[in-house]
Amino acid sequence: MKRLLCLLLTLVMAFTLFGCSKAPSEPAGSGTTASTEPPKDTQGAAGAEEVTTSVIPKDLPPKKVAALGAFSGNELYLQWRKNLESLAEPFNVEFQFVEISGSEDLASMVESLCTAGVDGIITQMASESVVKIAAEHNVPYMVYCGVFSDDLMQVLAGYDNFCGVVAEDDIVAARHGAEAMYNAGCRSVGVVGLTRGMSDMMDNRADYFIERFEELGGKVIATDYSIMKFADSISTFAAAYPEMDGIWCAILNESIFQAVTTEGLVGQVKLGGFDLSDSSPDFYDSGTLVFSCTGQQATIVASFAALYNYMYDGTYLIEDRSVTVPRSFIEIGNSDDYADYNDYVRYSTCYSAEEIGRMIKAFNPEYTFADYLAMNEAFSIQDVVSRAQ
Amino acid sequence: MPVQAKSVDIGEVLTQKSRRKDLFSAVLPFCGLLLTVLVLSIATKGLLLSPMNLVNIINQCFNTAIVGVGAAFVFAHGGMDFSVGASCGVAQLACIAVVTQLRLPLWVGFLAAVMVGVACSMVVGMGSHALHLQPFIVSLCVRSACTGILVVGCNALGKNIRVPLDVFGIFNNNIVKTIVLVALVAFSWYLFEKTSLGKEEKAIGGNRVTAVQSGILLGRNVFLSSLILGICVGIAACFQMSRSGTVSASSGNGLEFNIMIALALGGFPMAGGSAARIRSMIIGVLTITFLTNGLTLVGLDSEYVSLVKGLLFVVIVAVSYDRSNLKQVNFV
């Protein structure tokens with residue numbers, strides 16, 4: 001009986017599977033995709049823009065792009081997804097979001113996706129063997145928010161299907177954070193981060209903060225790189241280092257704010273780090289939080305522009321693909337900035353489809369790599385707000 | 001009328017139940033695999049079984065299958081090794097360090113990987129045997145130590161260490177992979193099913209006390225099973241690093257979970273014993289690989305993949321898992 005029930009359940013599952021599978025994309029020329037109006041959900045930076053004629057042509061050929069990363073369980077990842085999905089209709093692109101957990105997983109996924117016939121891959125990870133798998137299937141490969149050695153970048157640039165890397169500049173942001181903490185009066189700080197070696201980005205966020213803070217004359221009195229045990233680190237610091245007047249965090253998540261509150265450190269220490277949380281505005285108002293940065297949400301769409309250029313007609317938007325295109329973080333210094341972040345970044349999209357369309361050389365031949373570099377460098381909360389207004 | 005007691009031949013009842021159980025445990029995991037392949041083939045309109053995708057399947061199941069057949073020897077005697085992922089990562093680190101830093105030939109790097117794999121599984125197997133500790137506890141300790149070695153080693157060698165494909169190309173060759181996979185599985189099957197080693201491992205898993213009283217040398221069997229697992233981990237490490245193209249602190253991560261899932265899906269008894277079969281491991285590995293590959297081919301987004309995978313796991317395990325150790329034999 002139990003086995004019969006199981007069999008029945010399997011059949012239900014099979015039907016569910018069919019139900020979940022996607023309908024084929026609308027064929028080119030159906031006239032239902034590209035339009036002269038921006039999509040309803042792109043009301044971000046250029047959402048207020050009055051568009052009379054769209055740079056994005058009508059009847060773009062349908063494309064399927066696989067976005068690989070960790071897309072569930074974290075607000076930032078959901079925002080990546082939301083930003084990318086805002087481009088689906090205007091560009092006639094169907095996105096498939098695929099969860100990956102490591103480099104071995106990546107190789108298998110890329111292999112399967114290429115077999116399934118995707119037209120492009122956008123991901124956070126890359127290695128020569130994986131780019132080679134995509135190259136064997138003539139599938140363009142673009143990387144967002146990844147940090148790679150110069151040696152590997154040179155090798156990857158040797159593959160025609162490799163479109164480049166766009167990543168936030170953690171080094172610059174970490175140094176700015178050190179300056180903000182020092183200027184706020186911090187002289188003896190503790191640093192918490194992820195386990196060393198797990199992520200170059202996370203290591204840079206700690207290393208370059210420490211380097212700059214010590215250059216300025218401050219002292220790093222304690223470091224703790226226990227993976228995701230930030231609250232424990234803060235408890236330990238509070239007990240062992242009463243002279244501590246600042247804490248720098250590679251990931252400034254809610255547990256940090258809770259730990260600072262429960263340890264009675266509000267008013268005693270200043271906080272700084274990467275990412276934002278719901279408690280961030282209160283901590284800005286109390287003067288405890290002096291620096292945080294965000295804005296990675298938009299990197300995926302900036303990378304999409306480079307990918308789409310190559311997918312559309314084989315044009316490389318990034319001229320030197322052996323060098324990572326740096327992107328600025330949005331640096332938040334007070335609760336007003338945070339309010340703007342909420343309005344224009346968190347609950348919106350940072351670039352409209354129209355703005356991304358202008359980055360496609362086939363649609364806008366005057367657009368240059370220099371413009372692309374400048375756009376990435378200019379990214380800030382003021383930039384997002386001014387474009388939206 | 002006088003009521004006559006019905007005579008019951010207990011031996012016959014037990015034999016019938018045993019035959020039925022053997023049939024179920026042999027057939028049901030196959031059914032789970034076939035069902036998975038059938039459903040996904042229809043959903044992918046045949047793409048799942050296309051020649052190109054079958055090559056993908058070999059590539060994607062390779063490492064889990066190689067380590068899985070080694071792990072079968074350990075699980076057969078009731079052992080466990082939760083450190084295979086981390087030790088696989090350290091084996092990769094040893095191999096890349098020997099080849100790229102010490103500039104020694106590839107075969108030396110391969111030997112280094114195998115030696116690291118063997119050393120780690122020996123510490124788990126022989127350590128738990130000699131100290132009379134649960135293998136799970138010892139393997140957790142080894143896992144933690146290996147993770148530390150991997151992080152420190154990768155930091156020392158440049159964090160994400162690039163694997164030069166021109167040097168390691170042989171490990172990416174599909175023909176080589178197929179030959180190695182078939183040869184290893186065939187050899188393991190022979191050892192497991194046809195020699196005294198496999199039979200003794202299963203006897204220990206069935207009843208350790210009886211096995212020892214029958215003259216089976218526990219230490220010798222634990223040693224040999226750990227040796228086989230270690231060799232398999234070392235071999236898998238070399239193939240895995242050239243496939244992923246990088247060695248990092250997360251290398252090998254999750255391999256032990258894949259092995260456990262394959263065990264469950266294939267109907268391999270977790271406590272070992274006479275029902276342990278190499279084919280169960282292979283079926284389990286194929287089921288999980290087809291499932292992951294097929295759901296990606298269908299075009300499902302990640303949240304649906306996790307949901308469908310979770311539900312299908314429950315169904316397949318419910319259909320195929322051997323519960324004979326969990327319930328009493330009912331004679332009536």
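Below, chains carry the letters A, B, ... as their sequence lines are ordered, and counting in each starts from 1.
At a 4.5 Å heavy-atom cutoff, the contact between N293(B) and chain A is made by backbone and side-chain atoms alike. Only the side chain of V155(A) comes within contact range of chain B, with at least one heavy atom under 4.5 Å from a heavy atom of that chain. Looking at S242(B), the atoms closer than 4.5 Å to chain A (heavy atoms on both sides) all sit in the backbone: N, CA, C or O. With a threshold of 4.5 angstrom between heavy atoms, L152(A) approaches chain B through its backbone and through its side chain. Contact annotation for N63(B): neither backbone nor side-chain heavy atoms come within less than 4.5 Å of a heavy atom of chain A. Both the backbone and the side chain of T115(A) come within contact range of chain B, each with at least one heavy atom under 4.5 Å from a heavy atom of that chain.
If you check the side chains of S322(A) and D320(A), you find a donor sitting under 3.5 Å from an acceptor. Under the 3.5 Å distance criterion, with hydrogens and angles disregarded, a donor-acceptor pair is assigned to the side chains of N56(B) and N53(B).
With respect to chain B, the highest number of heavy-atom pairs below 4.5 Å among K132(A), E111(A), M109(A), R196(A) belongs to E111(A). Heavy-atom pairs under 4.5 Å with chain A were tallied for T246(B), L165(B), T292(B), V151(B); the largest tally goes to L165(B). When the candidates M241(B), M52(B), Q240(B), R162(B) are compared by the number of heavy-atom contacts under 4.5 Å with chain A, R162(B) comes out ahead. Counting heavy-atom pairs closer than 4.5 Å to chain B, the top-ranked of the candidates A107(A), C114(A), S108(A), S149(A) is S108(A).
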N138(A) and N161(A): side chain to side chain donor-acceptor pair (under 3.5 Å), yes or no, with the steps? CA-CA 7 Å; N138(A) 293 318; N161(A) 66 321; over 6 Å; no

Would you check, one step at a time, whether the test salt bridge (charged side-chain N to carboxylate O under 4.0 Å, His left out) holds for K63(A) with E94(A)? CA-CA 6 Å; K63(A) 302 274 183 196; E94(A) 181 193 334; over 6 Å; no

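Applying a 4.5 Å heavy-atom cutoff, the residues of residues 200-210 of chain A that approach chain B are D200(A), D203(A), D207(A).
The side-chain contact (heavy atoms from CB on, under 4.5 Å) test with Y141(A) singles out one residue from I133(A), I121(A), I122(A), and that residue is I121(A). Among L286(B), L34(B), I283(B), the single residue meeting the side-chain contact (heavy atoms from CB on, under 4.5 Å) criterion with P29(B) is I283(B).
Figure legend: cation-pi geometry between R321(A) and F162(A) absent, as NZ or CZ is not positioned both under 6.0 Å from the six-membered ring centre and within 45° of its axis.
The six-membered or imidazole ring of Y144(A) lies away from that of F304(A), with a centre-to-centre distance of 6.0 Å or more.
The ring-ring contact (aromatic ring centres under 6.0 Å, His included) test applied to F257(B) returns F82(B), not counting sequence neighbours.
Side chain of Q124(A) to main chain of C145(A): no donor-acceptor pair is present (N/O by atom type, distance under 3.5 Å, no hydrogens or angles).
Ring geometry for F171(B) versus F110(B): interplanar angle under 30°, hence parallel rather than tilted (30 to 60°).
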